[in-house]
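Only heavy atoms go into these numbers, but all of them, side chains included; no hydrogens, no water, no symmetry mates. Note that the structure is a prediction, hence the values are computed from the model and not measured.
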Amino acid sequence: QVQLVESGGGSVQAGGSLRLSCVASGNTGSLYYRGWFRQVPGKEREGVATISTNGRTTYADSVKGRFTISQDNTKTTLYLQMNNLKPDDTAMYYCAASQTWWTSSPPLNKNLFGNWGQGTQVTVSS
């Protein structure tokens, strides 16, 4: 079992930046992928960025060039650096992890991730 705790959300104006963090505890050695997903009320949870244990990354088209996913050397803490934020980025952001190997490129499919944090709210005003 893996526990995930997010932090770093908040309110910013369009064009601003935020950095989200997610600390993992428990059986972290069993993780193949970690990632960030977001959800707004009434919509499906969508993948934002994911990273595999070998460092490969996948980004949603809507955040390419603006967001960067990374993890520390111990692979305990996951980060999401968000620059040039837009009002459409407003959502609850969730950290996720997978203990199942799927493919060499980390997936953005939420159904392939079995461990989730509680979420942190990001609000971007125009």
Side-chain angles (χ1 to χ4, degrees):
Q1 189 71 7
V2 176
Q3 294 77 44
L4 304 172
V5 178
E6 306 99 332
S7 62
S11 297
V12 295
Q13 290 191 325
S17 299
L18 282 173
R19 188 175 81 157
L20 306 182
S21 299
C22 173
V23 177
S25 60
N27 191 15
T28 59
S30 66
L31 299 178
Y32 289 105
Y33 311 105
R34 297 187 66 183
W36 292 96
F37 294 74
R38 65 187 182 187
Q39 188 172 21
V40 297
K43 290 190 175 182
E44 288 279 328
R45 188 170 299 187
E46 65 175 2
V48 175
T50 55
I51 188 167
S52 60
T53 54
N54 60 11
R56 295 189 68 168
T57 57
T58 303
Y59 292 93
D61 288 343
S62 59
V63 305
K64 282 180 182 176
R66 300 188 298 122
F67 291 11
T68 303
I69 189 171
S70 63
Q71 53 192 357
D72 67 0
N73 289 338
T74 66
K75 298 182 181 177
T76 299
T77 304
L78 183 72
Y79 302 101
L80 184 68
Q81 178 65 44
M82 304 185 293
N83 297 328
N84 191 21
L85 282 159
K86 304 176 180 180
D88 283 348
D89 296 318
T90 296
M92 184 71 78
Y93 282 71
Y94 296 91
C95 175
S98 174
Q99 294 170 286
T100 303
W101 175 259
W102 300 101
T103 174
S104 59
S105 294
L108 284 174
N109 185 340
K110 66 182 186 299
N111 296 319
L112 303 182
F113 288 77
N115 300 276
W116 294 88
Q118 294 300 306
T120 185
Q121 178 69 36
V122 172
T123 302
V124 184
S125 58
S126 58

Distance-minimising heavy-atom pair for Val2 and Thr28:
CG2-N, 4.5 Å

Is it the case that one hydrophobic cluster holds both Val12 and Leu80, taking links as side-chain heavy atoms less than 4.5 Å apart, direct or via other members?
yes

Shared hydrophobic cluster, Val124 / Val48 (ILVMFWY, side-chain heavy atoms < 4.5 Å)
yes

Glu46 and Arg38: salt bridge (Lys or Arg N to Asp or Glu O under 4.0 Å), yes or no, with the steps?
CA-CA 5 Å; Glu46 65 175 2; Arg38 65 187 182 187; 2.7 Å; yes

Of all heavy-atom pairs linking Arg56 and Pro106, the shortest is O-CG, 3.3 Å

Rounded to the nearest 0.5 Å, how far apart are OH of Tyr79 and OG1 of Thr68?
14.0 Å

If you measure from NZ on Lys75 to OG on Ser70, what distance do you get to the nearest 0.5 Å?
12.5 Å

If you take all heavy atoms of Tyr93 and Met82, which pair is closest and at what distance?
CE2-SD, 3.9 Å

Are Trp116 and Met92 linked, directly or through intermediate hydrophobic residues, by side-chain heavy-atom contacts shorter than 4.5 Å (ILVMFWY only)?
yes

What distance separates Asn27 CG from Gln3 CD, expressed to the nearest 0.5 Å?
9.5 Å

Short question: side chain of Glu6, backbone of Cys95 - any donor-acceptor pair under 3.5 Å?
yes

If only atom types and distance count, is the side chain of Thr50 paired as donor or acceptor with the main-chain N or O of Pro107 below 3.5 Å?
yes

Closest heavy-atom pair and its distance - Asn84, Arg66:
O-NH1, 3.0 Å

Scan Leu20, Leu31, Ile51 and name whichever one has a side-chain contact (heavy atoms from CB on, under 4.5 Å) with Leu78.
Ile51

Nearest heavy-atom approach of Tyr33 to Ser52 is CD2-CB, 3.8 Å

List the atom of Arg34, the atom of Leu4, and the distance in Å for their closest heavy-atom pair.
NH2-CD2, 4.0 Å

For Leu112, is there any backbone N or O sitting under 3.5 Å from a side-chain donor or acceptor partner on Trp102?
yes

In terms of hydrophobic clusters joined by side-chain contacts under 4.5 Å, are Val122 and Ile69 together?
yes

With a 4.5 Å limit on heavy-atom distance, are the side chains of Phe113 and Phe37 in contact?
yes

Side-chain heavy atoms under 4.5 angstrom apart, residues restricted to Ile, Leu, Val, Met, Phe, Trp, Tyr: same cluster for Leu108 and Tyr59?
no

Salt bridge (Lys or Arg N to Asp or Glu O under 4.0 Å), that's the test. Do Lys64 and Asp61 meet it? Break it down for me.
CA-CA 5 Å; Lys64 282 180 182 176; Asp61 288 343; 3.1 Å; yes

How long is the span from the CD atom in Gln71 to the OG atom in Ser21, to the nearest 0.5 Å?
12.5 Å

When the aromatic ring centroids of Trp101 and Tyr32 are compared, is their separation below 6.0 Å?
yes

Would you compute the distance between atom CG of Asn111 and atom OG of Ser98 and round it to the nearest 0.5 angstrom?
11.5 Å

Taking the side chain as every heavy atom from C-beta outward, state whether Val40 and Thr90 have any atom pair closer than 4.5 Å.
no

